[in-house]
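Some notes on the structure that comes next.
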Amino acid sequence: MDVSQAKQEHLLALKVMRLTKPTLFTNMPVTCEDRDLPGDLFVRLMKDDPSTVKGAETLILGEMLTLPQNFGNIFLGETFSSYINVHNDSNQVVKDILVKADLQTSSQRLNLSASNSAVSELKPECCIDDVIHHEVKEIGTHILVCAVSYTTQTGEKLYFRKFFKFQVLKPLDVKTKFYNAEVSLTDEVFLEAQIQNITTSPMFMEKVSLEPSMMYNVTELNNVSAGSESESTFGRMSYLQPLDTRQYLYCLKPKPEFAEKAGVIKGVTVIGKLDIVWKTNLGERGRLQTSQLQRMAPGYGDVRLSLELIPDTVSLEEPFDITCKITNCSERTMDLVLEMCNTRSVHWCGVSGRQLGKLSPSASLSIPLKLLSSVQGLQSISGLRLTDTFLKRTYEYDDIAQVCVVNKSPISV
């Protein structure tokens, strides 16, 4: 972008140009049938055109590059680069030249000048060059303020500045969803990140990763193992077309030192932040980091019951074992009694109404249990009751998990 020069009364002229990569030259091929009136005229013209690809003249893209004709769009996460030129248009030697470049955003003012020291003198027809770079981290209106101060031969100190206003747009629309694996002992949290390209050009998604908080370990679920190699579920060429949306999935597990403390992961917890890196056009790189993602941890009440061990498939009318973990999520000590109530299809094996003893706050207790199913198919495990003898309060646990019941006995013919 070439901007206007300084006023004529000044001895120095200021020019500012945004530095962007060129684009591929495009043309509009015109063809016709051989029996039409122009004959092969259009074909010969395209072959003589230096901008077309030899042997593929009907392609819209050519072999030449086009320099930017306007300021273009600036997107959040990209690096804004600009070339600043101060030229001595006069026939005098100018002294103590100081060029300063600031970027004013809605929240702050940044100094982008590479050097804040003044140039001792500038002879006629000579210039001072500077290139500034800034990674754009805010959307909205930005103003580049370029100021020049200098001293003439007569000792007069002069000063002028120019303002260049531009808008920073949002390139991506990011939405997140959380899914809690409530039955899992490890308190797994699944994060789905929906990323949409809201620009007008395709993007190459170089990296989309989740940086977890100190409480979690993360596993990416966006790759498929093919032998010894791992391939992205989106293929080798990870392009995101304009207005297309892509879903990324991550599994977070609390670290052991936090998972063992029942009262730590409560209420609003910080999960981490997404780090997104992409490239556009001829390799221009952009990067975005979201703010810290938060989720509301599920409330388990005073007592939480989870499963440590349960089989996927069991045999009909044969006992099988499960292991339950009982955690005191309250701030008081409990004296618990376990009752087991049979359902239509699932029957508990053992003594119901047994004392589990006192359980202090944030403490846990593992209990092995045995049961059997009298009905085939997918059966739900229900019927556990915990009673706190201190407060005479009963906690009911139904639909804890499901097992597949099959009949493995031979079928008589």
Side-chain angles (χ1 to χ4, degrees), residues 1-23 65-171 199 280-288:
M1 180 191 70
D2 197 358
V3 298
S4 59
Q5 298 181 357
K7 294 182 180 180
Q8 293 183 357
E9 58 263 25
H10 283 285
L11 305 180
L12 303 181
L14 171 67
K15 293 183 179 181
V16 177
M17 179 180 294
R18 183 191 173 193
L19 298 178
T20 57
K21 292 189 176 181
T23 58
L65 298 176
T66 304
L67 294 176
Q69 302 300 308
N70 50 46
F71 189 81
N73 294 324
I74 298 179
F75 293 101
L76 183 69
E78 293 182 344
T79 299
F80 169 72
S81 299
S82 184
Y83 168 70
I84 299 175
N85 174 270
V86 176
H87 186 268
N88 187 354
D89 289 346
S90 69
N91 56 3
Q92 304 178 26
V93 176
V94 180
K95 298 182 179 181
D96 301 327
I97 306 97
L98 180 62
V99 182
K100 188 177 180 181
D102 293 338
L103 185 64
Q104 178 70 54
T105 70
S106 58
S107 63
Q108 58 184 333
R109 188 182 180 102
L110 303 170
N111 181 19
L112 305 184
S113 300
S115 175
N116 293 320
S117 59
V119 179
S120 59
E121 66 175 22
L122 186 64
K123 296 179 180 180
E125 300 302 324
C126 293
C127 62
I128 300 173
D129 300 317
D130 190 13
V131 177
I132 58 174
H133 303 280
H134 174 67
E135 184 178 347
V136 183
K137 298 181 180 180
E138 296 182 41
I139 60 174
T141 304
H142 287 57
I143 302 175
L144 180 62
V145 183
C146 296
V148 180
S149 62
Y150 61 96
T151 304
T152 64
Q153 285 182 337
T154 60
E156 182 183 6
K157 293 185 178 181
L158 298 177
Y159 171 86
F160 69 93
R161 60 181 180 174
K162 292 292 183 179
F163 300 89
F164 308 97
K165 186 177 179 180
F166 59 91
Q167 294 289 330
V168 174
L169 308 176
K170 188 170 71 169
T199 69
T280 58
N281 293 336
L282 295 182
E284 293 119 317
R285 193 170 181 265
R287 182 183 182 186
L288 276 182

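For the numbers below, each heavy atom of this structure counts, side chains included, while hydrogens, waters and symmetry mates do not.
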Quiz item: In a check of ring-ring contact (aromatic ring centres under 6.0 Å, His included) between His142 and each of Phe166, Phe80, Phe163, which one passes?
Solution: Phe166
Practice problem: Start with the C-alpha gap between Val168 and Phe75, add the side-chain angles, then the distance that decides, and say whether side-chain contact (heavy atoms from CB on, under 4.5 Å) holds. | Solution: CA-CA 5 Å; Val168 174; Phe75 293 101; 5.9 Å; no
Looking only at heavy atoms, what is the nearest atom pair of [X] and [Y], with distance?
X	Y	result
Pro124	Ser90	CB-O, 3.2 Å
Leu112	Asp102	N-OD1, 4.4 Å
Thr151	Val94	O-CG1, 3.5 Å
Ile139	Leu76	CG2-CD2, 3.7 Å
Ala118	Asp96	CB-C, 4.3 Å
Leu14	Lys162	CD2-CG, 3.7 Å

Is there side-chain contact between [X] and [Y], with heavy atoms separated by less than 4.5 Å?
X	Y	result
Ile128	Leu122	yes
His87	Glu125	yes
Ile84	Asp129	no
Thr280	Glu78	yes
Val16	Leu144	yes
Ile132	Ser113	no
Arg109	Leu103	no
Ser149	Leu158	no

Nearest 0.5 Å, what's the [atom1]-[atom2] distance between [X] and [Y]?
X	Y	atom1	atom2	value
Cys126	Glu121	SG	CD	9.5 Å
Asn91	Lys123	CG	NZ	14.5 Å
Cys127	Asn88	SG	CG	10.0 Å

If only side-chain N and O atoms count, and only distance matters, is there a donor-acceptor pair under 3.5 Å linking [Y] with [X]?
X	Y	result
Asn111	Asn116	yes
Gln92	Thr152	no
Thr79	His133	no
Thr105	Glu138	yes

Exercise. Spell out, as yes or no, whether a donor-acceptor pair under 3.5 Å connects the side chain of Thr199 to the backbone of Pro171.
Key: no
Self-check item: Residue pair Ile74, Arg18: steps toward the side-chain contact (heavy atoms from CB on, under 4.5 Å) verdict
Solution: CA-CA 11 Å; Ile74 298 179; Arg18 183 191 173 193; 3.5 Å; yes
Quiz item: Given the rule in the side-chain contact (heavy atoms from CB on, under 4.5 Å) test, do Lys165 and Thr141 qualify, once you have shown the distances and angles that lead to the verdict?
Solution: CA-CA 7 Å; Lys165 186 177 179 180; Thr141 304; 3.3 Å; yes
Quiz item: How far apart are the C-alpha atoms of Arg161 and Val148, what are their side-chain angles, what is the distance that settles it, and do they pass the side-chain contact (heavy atoms from CB on, under 4.5 Å) test?
Solution: CA-CA 6 Å; Arg161 60 181 180 174; Val148 180; over 6 Å; no
Practice problem: Indicate the ring-plane relationship of Phe160 and His10, choosing parallel, tilted or perpendicular according to the 30° and 60° boundaries. | Solution: tilted
Practice problem: Tell me whether the centres of the aromatic rings in Tyr159 and Tyr150 are closer together than 6.0 Å. | Solution: no
